[in-house]
Q: 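Sharing a structure with you now.
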Amino acid sequence: MTDHRIPLAGVIGNPVAHSRSPDVHGHWLKRYDLPGHYIPLHVEDIDLEQVLRSLPQMGFAGVNVTIPHKVRAMELADFISDRVTLIGAANTLTFRDGKIYADNTDAYGFLASLRQGAPDWNAAAGPALVLGAGGASRAIVSALLEAGAPEVVVANRTRSKAEGLRADFGARLRVVEWVTSGDQIADMATVVNTTSLGMQGQPALKLDLSGFKRGQVVTDIVYTPLMTPFLSEAKSRGATVVDGLGMLLHQAVPGFERWFGQRPEVDDDLRRAILG
Ligand SMILES: NC(=O)c1ccc[n+]([C@@H]2O[C@H](COP(=O)([O-])OP(=O)(O)OC[C@H]3O[C@@H](n4cnc5c(N)ncnc54)[C@H](OP(=O)(O)O)[C@@H]3O)[C@@H](O)[C@H]2O)c1
């Protein structure tokens, strides 16, 4: 029997109104002229399990999961990808044959964005400095190690969280002190800000950034504003910079393809649509 139902997908969060995912998926649905809808779903913690079990019966092919449900979603899934195990959180769920398959596409999104924004970037060219050790940092550290960075240096205001990453990711990860971490920059091939510093409404990142130089690739996962003071400083010293919007857009690609059956493009058209 043919299934004529229109595929549904969405993003589950609390709050969820700020999410750009409905705009991203909505843009692609229109662009590829596909039947389907992508909906923001505000779900309380206590309701998450029941909601996840009901969505497939309502025609949902899958959902993205955002704060605060990423860890619980992993725990509730029937199958989890290696990436979810490594990162400890899920952001993309696919429903198939009554089962929940959980994946985390942040690492993929980070690498795809760097490769698009800095085509000559090669993780193996030298060590990488990662500022921050929160949820996004875990995905980025795993991505950099997998892509072949010979060493990943991590600095975080709360040092114990960076030490936690070292315990999980092993010997190619070195922890340095937050306040003096700017001293490392000159020796790095890749530098990433994964903290929320520099975001609209947040304090600026106050580290010594004078070590930025030509030949480095520098990226910030904050994307409001697109050109953070951190990226401006790197650019003014000759480094190649990649803004944080690309990661947000690329991490949506695998989910869209699984749910709606078309691999979508991340291009200037999409960037313009999201930046409004
Ligand atoms: N572009 C994308 O696709 C993408 C994806 C995910 C997240 N993001 C953005 O990335 C940022 C981090 O997200 P997350 O999920 O990793 O958040 P998170 O888990 O809350 O981690 C926040 C990080 O920022 C650090 N931080 C916050 N305030 C600080 C301060 N005043 N001084 C020094 N460090 C400070 C925290 O250090 P402590 O551990 O010491 O608190 C921690 O390392 C957010 O702005 C988020 O919007 C972007």
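When a residue number appears, it is its place in the shown sequence, counting from 1. Ligands are counted one by one from 1 in listed order, and the atoms in each one are counted from 1 as well. What you see is a predicted model, and the numbers here were worked out from it, not measured in a lab.
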Q: Can you tell which part of T194 has a heavy atom less than 4.0 Å from ligand 1: side chain, backbone, both or neither?
A: backbone
Q: Could you tell me whether L197 and ligand 1 have an N or O pair separated by under 3.5 Å?
A: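 No, since none of the N or O atoms of L197 sits under 3.5 Å from an N or O of ligand 1.
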Q: Pick one: which of R31, R272, Q116 meets side chain to side chain donor-acceptor pair (under 3.5 Å) with D267?
A: R31
Q: Between R53 and D78, is the closest basic N to carboxylate O distance under 4.0 Å?
A: yes
Q: Can you sort out the partners of W178 under side-chain hydrogen bond (donor to acceptor under 3.5 Å, both in side chains), two or more places apart, ordered by chain and number?
A: none
Q: Any atoms of ligand 1 less than 4.0 Å from a non-hydrogen atom of G135? List them with their elements.
A: 16 (O), 19 (O)
Q: Is the closest heavy atom of K161 to ligand 1 under 4.0 Å?
A: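 Yes, that is the case, since the closest heavy atom of the residue is under 4.0 Å from the ligand.
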Q: Going by the atom numbers of ligand 1, which of them fall below 4.0 Å from some non-hydrogen atom of A136?
A: 6 (C), 7 (C), 14 (P), 15 (O), 16 (O)
Q: So which protein heavy atom does atom 5 (C) of ligand 1 come closest to, and at what separation?
A: M247 CE, 3.9 Å
Q: Using a strict cut-off of 4.0 Å, indicate which atoms of ligand 1 neighbour a heavy atom of G132.
A: 43 (O)
Q: Kindly indicate whether atom 3 (O) of ligand 1 is approached by any protein heavy atom to under 4.0 angstrom.
A: yes
Q: Would you say G244 has any N or O atom under 3.5 Å from an N or O of ligand 1, going by distance alone?
A: yes
Q: Decide salt bridge (charged side-chain N to carboxylate O under 4.0 Å, His left out) for R138 and D106; before the verdict, give the C-alpha distance in whole Å, the side-chain angles of both, and the deciding distance to 0.1 Å.
A: CA-CA 9 Å; R138 286 189 80 82; D106 278 342; over 6 Å; no
Q: Quick one: does NZ or CZ of R263 land under 6.0 Å from the six-membered ring centre of F256, within 45 degrees of the ring axis?
A: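 Cation-pi check for R263 and F256: fails.
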Q: Taking both backbone and side-chain atoms of N156, is any N or O found less than 3.5 Å from an N or O belonging to ligand 1?
A: yes
Q: So is I67 polar-close to ligand 1, meaning N/O to N/O under 3.5 Å?
A: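 No, there is no polar N/O contact under 3.5 Å.
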Q: Taking the minimum heavy-atom distance to atom 29 (C) of ligand 1, which of R157, K70, H18 ranks first?
A: R157
Q: Going by heavy-atom distance to atom 18 (P) of ligand 1, choose the closest among A204, A155, A252, G134.
A: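 Among A204, A155, A252, G134, the closest heavy atom to atom 18 (P) of ligand 1 belongs to G134.
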Q: Give the atoms of ligand 1, by number and element, whose distance to some non-hydrogen atom of W178 is under 4.0 Å.
A: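 Counting atoms of ligand 1 from 1, those under 4.0 Å from W178 are 33 (C).
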Q: Regarding N104 and S81, is there a side-chain donor-to-acceptor distance under 3.5 Å anywhere?
A: no
Q: Can you list, pair by pair, the side-chain donor-acceptor contacts under 3.5 Å of residues 65-76, counting residues two or more places apart and other chains?
A:
from, atom 1, to, atom 2, distance (Å)
H69, NE2, V43, O, 2.7
R72, NH1, E75, OE1, 3.4

Q: Tell me the protein heavy atom at minimum distance from atom 38 (P) of ligand 1, and give that distance in Å.
A: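 Scanning the protein heavy atoms, the shortest distance from atom 38 (P) of ligand 1 goes to T158 OG1, 3.5 Å.
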Q: Is the centre of the Y38 ring less than 6.0 Å from the centre of the F60 ring?
A: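 Aromatic pair excluded; centres sit 6.0 Å or further apart.
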Q: Under 3.5 Å, N or O to N or O, is P203 touching ligand 1 that way?
A: no
Q: Inspect the contact between R258 and D103 and indicate whether a charged nitrogen and a carboxylate oxygen are less than 4.0 angstrom apart.
A: yes
Q: Taking everything shown except D97 itself, do over 12 heavy atoms lie less than 6.0 Å from its CG?
A: no
Q: Do the charged groups of D120 and R115 touch, with an N to O distance under 4.0 Å?
A: no
Q: Which of the atoms of ligand 1 are close to Y223, meaning less than 4.0 Å from one of its heavy atoms?
A: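 It comes down to these atoms of ligand 1: 1 (N).
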Q: Atom 45 (O) of ligand 1: which protein heavy atom is closest, and how many Å away?
A: M199 SD, 3.2 Å
